[in-house]
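Data block below; observations after.
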Amino acid sequence: MKPPRTYRKDTSAAPRGYSSWEAAGLLWLAEAQADGGAAIAELQDVDLDHIDLLQYDPAPSTNVQADELGVALAATHAAGAPAFGAPPARWTSHGFVGPADSPLPMPLEASESWGAFFAEQRIRHMLRTGLAQNLWQDEQDVFERVAQRLESGEFDDGRPPARIHGDLWAGNILWTRKGAVLIDPAAHGGHAETDLAMLLLFTAPHIARIIAAYDEAAPLADGWQERVGLHQLFPVMVHAVVFGGGYVQQSVEMARSYA
């Protein structure tokens, strides 16, 4: 019997511990597969400078696979997390977000509410990171007002922490003959709407079907469409810090919508 084909992700340029962080996220998300959760890239090996994953053969995505992904993602989220901001099992430090060769630290500390978590560990954290690079010097009060609204609980809906992928943009979905496989997580305890907002940010294939199937399996809270930009604010701020350019102004405009 031939050994499985593997794909090696080089993490030699990443900070120490990055490989173990990502591996912990993959394993944590994969735990939900037994209960119908989304397929996660199968971990084969992990070391300080690489992660080996099962090699998948790409195939065109289909409407049926999109429907299946929506239902499966709802099951992954339903697997839950100990708290908002909780790291994946087998990991006890901060996480990372952004390109593997130069990722940004991502705080992971348990919080009592999603709003408090997102305000401090996402919006304010990324604001401080940007200010250190001379970004948002004249707009920091706009981001702070968003954080204050979040912290007040205005956007909390009482739902328990979800087990989220955390970086679910279109490029982190592998479409295969057997369906969608998720890669490159920034997994943690968060709000389910965050993953859906990421899918919308860079428009995943069949996005309308994915969300419709998700909503049928696990009905979304009223007004979720109005909160999409709020959930997208953090990844756009990350892009502003990493890539600059138009993402800087885009993040300011998005923040003003919720300030």
Side-chain angles (χ1 to χ4, degrees), residues 1-81 87-91 93 95-103 106 162-190 195-196 198-199 202 204-207 209-210 213-214 217:
M1 184 175 179
K2 292 183 179 180
R5 292 182 299 125
T6 59
Y7 165 78
R8 173 158 293 185
K9 179 177 178 178
D10 183 1
T11 61
S12 58
R16 187 177 180 87
Y18 180 91
S19 298
S20 297
W21 141 255
E22 184 167 316
L26 289 165
L27 293 171
W28 189 55
L29 293 172
E31 289 174 1
Q33 288 181 231
D35 295 317
I40 309 299
E42 187 176 322
L43 184 67
Q44 301 293 300
D45 186 43
V46 59
D47 210 330
L48 293 177
D49 61 354
H50 71 265
I51 299 172
D52 287 343
L53 302 170
L54 186 67
Q55 179 75 55
Y56 296 88
D57 294 321
S61 57
T62 68
N63 288 337
V64 171
Q65 291 177 347
D67 293 345
E68 292 171 346
L69 175 57
V71 174
L73 186 59
T76 297
H77 290 164
R90 309 173 188 85
W91 188 254
S93 183
F96 298 94
V97 66
D101 57 349
S102 56
M106 186 178 73
R163 185 172 305 201
I164 70 171
H165 178 283
D167 192 17
L168 195 56
W169 71 288
N172 283 343
I173 304 175
L174 294 178
W175 296 97
T176 76
R177 286 175 294 177
K178 293 184 178 180
V181 177
L182 308 186
I183 62 171
D184 296 352
H188 62 278
D195 275 348
L196 299 181
M198 278 296 294
L199 288 171
F202 297 108
H206 313 283
I207 183 60
R209 295 191 69 105
I210 294 172
Y214 185 106

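Along the sequence shown, the residues carry numbers beginning at 1.
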> Rounded to the nearest 0.5 Å, how far does CG of L168 lie from CG of L199?
Replying inline: 4.0 Å

> With T76, which residues qualify under side-chain hydrogen bond (donor to acceptor under 3.5 Å, both in side chains), at least two apart?
Replying inline: none

> How close do A41 and V181 get, heavy atom to heavy atom, and via which atoms?
Replying inline: N-CG1, 3.4 Å

>> For a quick test of reading the model, state the closest non-hydrogen atom pair linking I183 to G171 and the distance between them.
In response: CD1-O, 4.0 Å

>> Under the criterion side-chain contact (heavy atoms from CB on, under 4.5 Å), I'd like the reasoning laid out for D184 against W169: C-alpha separation, chi angles, the key distance, then a yes or no.
In response: CA-CA 10 Å; D184 296 352; W169 71 288; over 6 Å; no

> Minimum heavy-atom separation for G80 to R163, with atom names?
Replying inline: O-NE, 2.9 Å

> Is a donor on one side and an acceptor on the other found under 3.5 Å between the side chain of N172 and the backbone of D167?
Replying inline: yes

> For T11, what residues pass the side-chain contact (heavy atoms from CB on, under 4.5 Å) criterion, not counting sequence neighbours?
Replying inline: K9, A14, Y18, S19, I51

> What pairs with P4 under side-chain contact (heavy atoms from CB on, under 4.5 Å), at least two apart in sequence or on another chain?
Replying inline: Q44, L54

> Taking atom CZ of R90 as the centre, does the number of heavy atoms from other residues, nucleotides or ligands within less than 6.0 Å exceed 12?
Replying inline: yes

> If every non-hydrogen atom of L182 is compared with every non-hydrogen atom of A38, which pair is closest and at what distance?
Replying inline: CD1-CB, 3.8 Å

> How long is the gap from CG on L196 to CD1 on I164, to the nearest 0.5 Å?
Replying inline: 10.0 Å

>> Quick check: closest heavy atoms across P205 and I210, and the distance to 0.1 Å?
In response: O-CD1, 3.5 Å

> By side-chain hydrogen bond (donor to acceptor under 3.5 Å, both in side chains), which residues pair with R5, not counting sequence neighbours?
Replying inline: D57

> Got a sec, which residues hit ring pair (Phe, Tyr, Trp, His ring centres under 6.0 Å) with H165, two or more places apart in sequence or on another chain?
Replying inline: none

>> Among residues at least two apart in sequence or on other chains, which ones pass side-chain hydrogen bond (donor to acceptor under 3.5 Å, both in side chains) with S61?
In response: H206

>> Per the ring pair (Phe, Tyr, Trp, His ring centres under 6.0 Å) rule, what does the pair list look like for residues 28-79, sequence neighbours excluded?
In response: H77-Y214

> Should L27 and W91 count as side-chain neighbours, where that means a heavy-atom distance under 4.5 Å?
Replying inline: no

> How far does OG1 of T62 sit from CG of D67, to the nearest 0.5 angstrom?
Replying inline: 8.0 Å

>> Less than 4.5 Å apart, side chain to side chain, heavy atoms only: is that true for P103 and P15?
In response: yes

>> Restricting to non-hydrogen atoms, name the atom on A187 and the atom on W21 that form the minimum distance, rounded to 0.1 Å.
In response: O-CH2, 3.5 Å

> With sequence neighbours left out, what residues match A75 under side-chain contact (heavy atoms from CB on, under 4.5 Å)?
Replying inline: none

>> Could you work out, with side-chain hydrogen bond (donor to acceptor under 3.5 Å, both in side chains) as the rule, every residue matching Q65, not counting sequence neighbours?
In response: none

> Which residue pairs pass the salt bridge (charged side-chain N to carboxylate O under 4.0 Å, His left out) test with at least one member in residues 34-47, sequence neighbours excluded?
Replying inline: none

> Rounded to the nearest 0.5 Å, what separation is found between the CG atom of L174 and the CG atom of L53?
Replying inline: 9.0 Å

> With sequence neighbours left out, what residues match S12 under side-chain contact (heavy atoms from CB on, under 4.5 Å)?
Replying inline: D10, D49

>> Working to the nearest 0.5 angstrom, can you tell me the gap between L43 CG and L26 CG?
In response: 6.0 Å

